[in-house]
Amino acid sequence: MCKVRGYKVDISDRNAIRKTFSTSDLRGINILISNAGVDVPYSFEEPSDSWKRVFGVNVDGARFVTEQVLEQDRLDKCLESIVFVTSIHT
């Protein structure tokens, strides 16, 4: 039986991702679709919290979620595909 699930979690927070995986029934994941992204104004000349937020969600977040899914898959052996969705704008 196929199930589709979505979770609201700050993917830039590695501990929040671990908590989500430890407190939910996330077993036997076949496909991970990583589709989170933010776009906030920032300047390349001056590093800012805005840039940290963009990088945290768009890059680190995709990595953190993928790491957690791969860790779970070492037990389940079900993962078939990982899909990253992004934008040239973000």
Side-chain angles (χ1 to χ4, degrees):
M1 175 191 282
C2 295
K3 295 179 184 178
V4 176
R5 295 187 184 131
Y7 294 89
K8 184 177 180 179
V9 61
D10 179 358
I11 66 167
S12 67
D13 181 346
R14 182 180 262 152
N15 291 326
I17 295 168
R18 287 181 179 145
K19 182 178 179 182
T20 299
F21 272 75
S22 68
T23 59
S24 57
D25 183 28
L26 289 171
R27 300 284 183 244
I29 296 172
N30 297 101
I31 300 171
L32 166 64
I33 300 175
S34 182
N35 185 35
V38 294
D39 185 28
V40 293
Y42 60 87
S43 168
F44 285 111
E45 289 82 26
E46 297 180 33
S48 66
D49 289 339
S50 296
W51 169 249
K52 290 176 187 173
R53 180 73 180 144
V54 168
F55 197 85
V57 171
N58 297 0
V59 178
D60 289 337
R63 175 184 169 207
F64 297 157
V65 171
T66 303
E67 287 174 346
Q68 194 66 45
V69 169
L70 291 175
E71 184 176 316
Q72 181 60 46
D73 193 57
R74 286 188 189 115
L75 303 172
D76 298 336
K77 308 283 189 222
C78 294
L79 188 64
E80 297 173 7
S81 299
I82 298 175
V83 178
F84 293 101
V85 180
T86 188
S87 167
I88 60 169
H89 191 263
T90 58

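In this structure a side-chain-to-backbone donor-acceptor pair under 3.5 Å is missing from N30 to S81.
Residue pairs that meet the ring-ring contact (aromatic ring centres under 6.0 Å, His included) test with at least one member in residues 55-78, sequence neighbours left out, are W51-F55. Here salt bridge (charged side-chain N to carboxylate O under 4.0 Å, His left out) pairs that include residues 9-18, with residues two or more places apart or in two chains, are D10-R53, R14-E67.
Summarising the geometry, atom CD belonging to Q68 is positioned 8.0 Å from atom OG belonging to S22; distances are rounded to the nearest 0.5 Å. Rounding to the nearest 0.5 Å gives a distance of 11.5 Å between CD1 of I31 and SG of C78.
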Q: Test L32 against V65 for side-chain contact (heavy atoms from CB on, under 4.5 Å), laying out the working first.
A: CA-CA 9 Å; L32 166 64; V65 171; 3.7 Å; yes

Q) Going through the checks in order, is the side-chain contact (heavy atoms from CB on, under 4.5 Å) test met by D76 and I29? A) CA-CA 8 Å; D76 298 336; I29 296 172; 5.8 Å; no

Q: Would you please test V54 and V40 for side-chain contact (heavy atoms from CB on, under 4.5 Å) and show each step?
A: CA-CA 7 Å; V54 168; V40 293; 3.4 Å; yes

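The side-chain heavy atoms of V69 and I82, taken from C-beta on, include no pair separated by under 4.5 Å.
Here the closest non-hydrogen pair linking I17 and G61 is CD1-O, 4.5 Å.
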